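Single-structure report; data block below.
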Amino acid sequence: MLINVIYRDGSVDIVNSSSLSHLIKNGEIFAFCRSDGWTRLDRDPVRRQKLPFDGPGKRVNDLMEDYYG
């Protein structure tokens, strides 16, 4: 998927989604365009915090282990 971005120097570009993650992580862009509009990195939430998963695993064996002990 291609995404419009605005770099900190004001230049505009189109990047793929994997490049976007890198640009966000390194603070190289000012904003990017989501389907619902522009997201500014200095004021808008970008990523939700990932909490540790403490439920059963995603594999059938993990579920069976929890069931049978």
Side-chain angles (χ1 to χ4, degrees):
M1 179 162 79
L2 297 177
I3 301 163
N4 292 313
V5 299
I6 301 173
Y7 290 96
R8 295 208 168 273
D9 66 0
S11 61
V12 179
D13 197 5
I14 299 173
V15 300
N16 62 38
S17 56
S18 62
S19 295
L20 177 65
S21 295
H22 173 78
L23 294 170
I24 291 171
K25 181 180 176 183
N26 292 328
E28 297 180 36
I29 60 172
F30 171 74
F32 66 95
C33 192
R34 290 181 170 156
S35 59
D36 60 346
W38 284 93
T39 298
R40 284 183 41 180
L41 297 177
D42 63 343
R43 72 167 190 210
D44 300 319
V46 177
R47 301 266 190 256
R48 291 186 178 146
Q49 182 181 7
K50 293 183 180 180
L51 301 175
F53 181 72
D54 61 355
K58 294 182 180 181
R59 295 183 182 91
V60 172
N61 289 342
D62 294 337
L63 296 172
M64 298 303 286
E65 183 178 308
D66 288 342
Y67 181 75
Y68 289 111

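Throughout, numbering of the chain's residues begins at 1 and tracks the sequence. From a predicted model like this one, the values you see are computed outputs, not experimental measurements.
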Are the charged groups of R34 and D36 less than 4.0 angstrom apart, N to O?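 Salt bridge between R34 and D36, a charged N being under 4.0 Å from a carboxylate O: no.
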
M1-I24 co-clustered via ILVMFWY side chain contacts under 4.5 Å: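 M1 and I24: one cluster.
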
Is there a continuous path of hydrophobic side-chain contacts, each under 4.5 Å between heavy atoms, that joins L23 to F30?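 In one cluster: no.
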
Considering the options V15, T39, L20, which one meets the side chain to side chain contact (heavy atoms under 4.5 Å, CB included) requirement together with I29?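 Testing I29 for a side chain to side chain contact (heavy atoms under 4.5 Å, CB included) against V15, T39, L20 leaves exactly one candidate, L20.
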
What residue among I3, N4, V5 forms side chain to side chain contact (heavy atoms under 4.5 Å, CB included) with D13?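 Going through the options one by one, the only one that passes is V5.
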
Polar side-chain atom of D9 near backbone of S11 as donor-acceptor pair, under 3.5 Å: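 Such a contact is found between D9 side chain and S11 backbone.
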
Taking all non-hydrogen atoms of both residues, which atom of H22 and which atom of N26 are closest, and how far apart?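 Nearest heavy atoms, H22 then N26: CE1-ND2, 2.7 Å.
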
Where is the tightest heavy-atom contact between R8 and G27, given as atom of each residue plus distance?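 What the structure gives for the nearest pair is NE-O, 2.9 Å.
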
How long is the span from the CG atom in L2 to the SG atom in C33, to the nearest 0.5 Å?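 Going from CG on L2 over to SG on C33, the span is 12.5 Å.
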
